[in-house]
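Here is the structure we will look at.
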Amino acid sequence: EHWIFVYRESPGAGWDLIAYKLDALGTAATGAAAAILERIEDDRSVESQKLAAIVALYAGRPDEARDAASSVLDRLDARGRRDFATEFSRVAARTAQPELVAWAYRSVLSDVPEDSTRWDLAQRIVQHDLSAGDTTAATDLLDDFVESADPGTPPHRWAGGMRIRLFAAVAELRDAERALQRYVELYPDDPDLPVYALAVAEANIRRGRLEAANRALELVPEGGTDARVGARLSAARAYLALYTGDFEVARAQFEVAAAGLTGPERSEALRFFDFLRDGSEKELAVVAEAHRSLLQGRPLQAYDVLADGLRSAPPSAARPAILLWGGELAIEGGSLGRAEQFLRRIPELYERSGEAPVAMMVLAEALAAGGRGADAITLLEELILEYPESALTPLGRRRLAELKEEVPRS
């Protein structure tokens, strides 16, 4: 009651008090906010509706917040609308409701002059639309900007580039290709063009549309590309060459890509470079087919492709590494049995390979995670005995000690 009294007597001071108290309550603010709403639910004044809209955000009632805010916005002038929308969006962001942040900004977009201020506001709306997963709303706003902004201006260029990336992200590939082609016609020297072309190419690769991916990459001008983007372009070209059987080009492109990538992307580029350096054509064709299944989000299908294809392919120096990859695919797909088939084969058939201790460690972790702690202990003991010089052996000893504490003696 005291908070509401202060707010009605002096809205500015009252709001500062209520906001401070609700923020201080943290997760407990929901109950206090609900109590405030009950006490002002019959008050239709602008100030009370402002309070109701904001407090409903803290109460976790987004529909009530939107309804009250709409009522307020309809009763304010342009300046008042902008001020209230700013405060509403700030609290919506603080309470992790990005869809309401975008809604608040969008509700006053028409009040903002068509200058850099409006552009900045549109960028925020798109950002929050995407945070809320509303790609349709983001696309509609970008379409409006492309149509209303003059070609060559920063807003038009920004909106055109964002449309390409958004179409690619949601796999609207034909729209992405048309938007990219139009962008190239308008901005052939834009330094961000390789980023947009790469987004379209990678989206097409994921969908198995190799010719379309090639067309996108052909739009990238020679030279002048950021080093990391250049490395990703090389990786895309490497995968395309791998899928089409041009293994020499794929190997060279993976080598270039690995030099510029970091983290898991670099590890994968190095893995495929090793496959291409040491593998036979028959093995590489199987690897390419398996990877295309993996791109569709089907790691077990990729494993099965490897298992079937490798039966008729004479083993090369790359076979242990390919088996290790297959075992990891099976673990990713949740099939410990499949993983065990591949990973146990490596130390049995290729005991002197660098992959043998890795396979044992990977399998031991998978066994432990699958509730087979005793089997994991046995495998780690074999690792320590068979590969005392391996860099993995100290890690194996520590993991063995941990498992022995977890698994009761029989």
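For the salt bridge (Lys or Arg N to Asp or Glu O under 4.0 Å) with R399, the lone residue among E405, E381, E365 that qualifies is E365.
Shown here is E211, whose CD atom has no more than 12 heavy atoms of other residues, nucleotides or ligands within 6.0 Å. In the displayed structure, R372 atom CZ is contacted under 6.0 Å by more than 12 heavy atoms of other residues, nucleotides or ligands. Counting non-hydrogen atoms of other residues, nucleotides and ligands closer than 6.0 Å to CZ of R207 gives a total of 12 or fewer. More than 12 heavy atoms of other shown residues, nucleotides or ligands fall within 6.0 angstrom of atom CD in Q296.
Two residues are said to be in side-chain contact when any heavy atoms from C-beta on lie closer than 4.5 Å; L173 and V200 fail this criterion. Taking 4.5 Å as the limit, every side-chain heavy atom of E402 sits out of range of all side-chain heavy atoms of R397. At least one side-chain heavy atom of Y243 sits less than 4.5 Å from a side-chain heavy atom of L295. Taking the side chain as every heavy atom from C-beta outward, F342 and L329 never approach each other to under 4.5 Å. Using a 4.5 Å heavy-atom threshold, the side chains of L210 and N204 count as separate. Inter-residue side-chain proximity for P188 and L193 is flagged as unmet; no heavy-atom pair is nearer than 4.5 Å. E177 is not listed as a side-chain neighbour of E172, based on a closest heavy-atom distance of 4.5 Å or more. The side-chain heavy atoms of L336 and L363, taken from C-beta on, include a pair separated by under 4.5 Å.
With hydrogens and angles disregarded, no donor-acceptor distance shorter than 3.5 Å links the side chain of D192 to the backbone of V195. Under a 3.5 Å cut-off, the side chain of S234 and the backbone N or O of G230 do form a donor-acceptor pair. Judged by distance alone, the side chain of K282 and the main-chain N or O of S312 form a donor-acceptor pair under 3.5 Å. With hydrogens and angles ignored, the 3.5 Å screen pairs no side-chain donor or acceptor of S335 with any backbone N or O of I331. For S316 (side chain) and D278 (main-chain N/O), a donor-acceptor pair under 3.5 Å exists by modelled atom type. Using a distance-only test at 3.5 Å, with no hydrogens or angles considered, a donor-acceptor pair links the side chain of S89 to the main chain of A85. The main-chain N or O of A258 is found under 3.5 Å from a side-chain atom of R266 such that the two form a donor-acceptor pair. Side-chain N or O atoms of Q97 include one that pairs as donor or acceptor with a backbone N or O of L57 at under 3.5 Å. The closest donor-acceptor contact from the side chain of S390 to the backbone of Y387 lies at 3.5 Å or more, if one exists at all.
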Query - D274/R271 under salt bridge (charged side-chain N to carboxylate O under 4.0 Å, His left out): CA gap, chis, key distance, verdict - result: CA-CA 5 Å; D274 289 343; R271 164 173 270 168; over 6 Å; no
Report task. Could you walk me through whether L270 and F254 pass side-chain contact (heavy atoms from CB on, under 4.5 Å), step by step? Result -> CA-CA 7 Å; L270 286 171; F254 273 123; over 6 Å; no
Report task. Could you walk me through whether W325 and Y303 pass the ring-ring contact (aromatic ring centres under 6.0 Å, His included) test, one step at a time? Result -> CA-CA 9 Å; W325 180 49; Y303 171 92; over 10 Å; no
Report task. Verify salt bridge (charged side-chain N to carboxylate O under 4.0 Å, His left out) between D63 and R66, making sure each step is shown before the conclusion. Result -> CA-CA 5 Å; D63 292 339; R66 189 191 301 255; 5.2 Å; no
Requested in this report: Under the salt bridge (charged side-chain N to carboxylate O under 4.0 Å, His left out) rule, what do E202 and R232 come out as? Steps first, then yes or no, please.
Outcome: CA-CA 9 Å; E202 289 177 336; R232 289 179 58 202; 2.7 Å; yes
Query raised in the report: So R338 and L343, side-chain contact (heavy atoms from CB on, under 4.5 Å) or not? Walk me through it.
Result: CA-CA 9 Å; R338 285 182 173 95; L343 295 176; over 6 Å; no
Query raised in the report: Does the pair R251 and F247 meet the rule for a side-chain contact (heavy atoms from CB on, under 4.5 Å), with working shown?
Result: CA-CA 6 Å; R251 182 193 59 76; F247 299 136; over 6 Å; no
Requested in this report: Using the side-chain contact (heavy atoms from CB on, under 4.5 Å) rule, take Y187 and H156 through it: C-alpha gap first, then chi angles, then the decisive distance, then the call.
Outcome: CA-CA 11 Å; Y187 309 113; H156 189 276; 2.8 Å; yes
**Report entry** salt bridge (charged side-chain N to carboxylate O under 4.0 Å, His left out) between R352 and E386, intermediate numbers included
**Finding:** CA-CA 10 Å; R352 301 328 308 165; E386 298 295 329; 5.6 Å; no
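Between atom CZ of residue R298 and atom OG of residue S293 there is a gap of 6.0 Å, rounded to the nearest 0.5 Å. Residue L392 holds its CG atom at 11.0 Å from CD1 of I384, rounded to the nearest 0.5 Å. To the nearest 0.5 Å, atom CG of residue D83 and atom CZ of residue R79 are 5.0 Å apart. Distance check, rounded to the nearest 0.5 Å: CG of D150 to CZ of R157 gives 13.5 Å. Distance check: T139 OG1 to D175 CG gives 9.0 Å after rounding to the nearest 0.5 Å. In this structure, E289 CD and L294 CG are separated by 13.0 Å, a value rounded to the nearest 0.5 Å.
In terms of heavy atoms, A213 sits closest to A201 at CB-O, 3.6 Å. Here the closest heavy-atom approach between residue A313 and residue R319 is recorded as O-NH2, 2.5 Å. The nearest pair of heavy atoms linking A197 to V220 is CB-CG2, 3.5 Å. For the pair A290 and V305, the tightest heavy-atom approach, listed with the atom from each and the gap, is N-CG1, 3.7 Å. Nearest heavy atom pair, residue A199 against residue A168, reads O-CB, 3.6 Å. Shown here for A356 and P347, the closest heavy-atom pair between the two residues is CB-CA, 4.0 Å.
Under the 30°/60° scheme for interplanar angles, the aromatic rings of F84 and F88 are found to be tilted.
A donor-acceptor pair shorter than 3.5 Å can be found between the side chains of D190 and Y183.
Under the 4.0 Å criterion applied to side-chain N and carboxylate O atoms, E218 and R215 are not assigned as salt-bridge partners.
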